[in-house]
Number of protein chains: 2
Amino acid sequence: MNIGEVSTRAGLPAKTIRYYEDIGLIKPLRDTNGYRAFRQQELHKLTFLARSRALGFSIEDCRILLQLYEDQGRSSADVKAIARDHLSQIEQKISDLNDMRETLTHLVDACAGDDRPDCPILNSLGVGR
Amino acid sequence: MNIGEVSTRAGLPAKTIRYYEDIGLIKPLRDTNGYRAFRQQELHKLTFLARSRALGFSIEDCRILLQLYEDQGRSSADVKAIARDHLSQIEQKISDLNDMRETLTHLVDACAGDDRPDCPILNSLGVGR
DNA sequence: ACTTGACCTTCCCCTTACTGGAAGCCCTAT
DNA sequence: ATAGGGCTTCCAGTAAGGGGAAGGTCAAGT
């Protein structure tokens, strides 16, 4: 398989796949013409990566998850720990964003949004508290 | 005021303040010794920037908001439009993160987290769907 | 045989919003 | 004179790729 086909199958841009090779997540063989020659193994890994990334795991988390995935002697506790940490970071982000949403919603609602300069949004951001 | 004092007052790292000057958000004067000499004006702007950034506005949004803040002839509609766009992006992010949280929560709950290799999290990320 | 177009390669710069660190000047106190 | 802290610039790096140039390769059509 060339990179184009793998790209379609894994649902990842070719650029991303080359990048993943660069940082050592996959190690595809090479054809005599220099083209990358992907095996099923790499396709599986890339699919794994695409799904992990879609769940918001960082590349470094993905690297570890991939190792665990390939390690038949792993402990599920190690996987769970990574996932739980990641989950709590997501919850923190959601909480932060909810705070922003709350504030912004109030401000947007309070702003007339007409051609006059008076604006509660700017009032809130500016020095006058 | 030197950068240290402004940093404390605005609640922004000195590095960040220098960066904001670099990209043209503020233009502090200079003392004869080369030190930046901040006026009230810059302190106000930096406070404005700190608050805008805390609400998640991008630097480019902040740049425009700052211009509107200083423009007495502005229309509040322009401010409101930026805030509303930003709000909807935040809501989109929250929604994406909620999806991730949902999935991750289920997976984490399903994983035994012991010393055995069997793991629903990896099963879900791997090829076997 | 030749050309065309799609595909592949590497390489380098760009992005966001800073952060860290090195090398060196300035100022004040002891 | 020296120590310290604060200030300066500049360089490099972060996360995770994206854009695009310059050029090699392959398969199909003429």
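Since the model is a prediction, treat every value here as computed from it, not as a measurement. Just so we're on the same page: letters track the sequence lines, and every chain starts at 1.
With rounding to the nearest 0.5 Å, the separation of CG in A:N2 from CG in A:N33 is 7.5 Å.
Closest-nucleotide positions on DNA chain D for A:T32 and A:Y19 were compared, and the one nearer the 5' end corresponds to A:Y19. Residue whose closest nucleotide on DNA chain C sits further toward the 5' end, between A:G34 and B:F57: A:G34.
Between A:I3 and A:Y35, every side-chain heavy-atom pair lies at or beyond the 4.5 Å cut-off.
Atoms CD1 (A:I17) and C1' (D:dG18) sit 14 Å apart, rounded to a whole Å. Put simply, CG on B:L46 is 16 Å from P on C:dA17, counting in whole angstrom units. As rounded to whole Å, 15 Å separates atom C1' of C:dT16 from atom CG of B:D22. In this structure, CG of A:D31 is placed 17 Å from C1' of C:dT10, rounded to the nearest angstrom. Whole-Å rounding puts the A:E5 CD to C:dA6 P distance at 19 Å. Residue A:E60 contributes atom CD, which lies 15 Å from atom C1' of D:dG13 at whole-angstrom precision. Between the P atom of C:dA17 and the CD1 atom of B:I23 lies a distance of 8 Å, rounded to the nearest Å.
Contact annotation: A:R18 side-chain N/O to D:dG19 OP1/OP2 distance is not under 4.0 Å. Between B:N33 and the phosphate of C:dC27, there is a side-chain N or O to OP1/OP2 separation shorter than 4.0 Å. For the OP1/OP2 pair of D:dG18 and a distance below 4.0 Å, the side-chain nitrogens and oxygens of A:T16 include at least one atom meeting the criterion. The side chain of A:R30 places an N or O atom within less than 4.0 Å of a non-bridging phosphate oxygen (OP1 or OP2) of C:dT10. Of the side-chain N and O atoms in A:R53, one or more sit less than 4.0 angstrom from OP1 or OP2 of D:dA16.
Side-chain contact of A:E102 with A:N98: a donor-acceptor pair under 3.5 Å is absent, judged by distance alone.
If you check every strand for non-hydrogen atoms under 4.0 Å, A:Y20 touches sugar and phosphate atoms only. Across all strands, B:I3 comes closer than 4.0 Å only to sugar-phosphate atoms, never to a base (heavy-atom distances).
The nucleotide whose nearest atom lies closest to any side-chain atom of B:K15 is, among D:dG18, D:dC10, C:dA17, D:dC10. For B:N2, taking side-chain heavy atoms from C-beta onward, the closest of the listed nucleotides D:dC7, D:dG17, C:dC27 is D:dC7. Minimum atom distance to the side chain of A:R36 is reached by C:dT9, of the listed D:dC7, D:dG17, C:dT9. In this structure, the nucleotide among D:dC7, D:dT25, C:dC18 sitting nearest to the side chain of A:Y35 is D:dT25.
Comment: A:R30 engages A:E21 in a salt bridge, judged by a side-chain N to carboxylate O separation of less than 4.0 angstrom. The pair A:R36-A:E42 fails the salt-bridge criterion, with no side-chain N (NZ, NE, NH1 or NH2) lying under 4.0 Å from an Asp/Glu carboxylate O.
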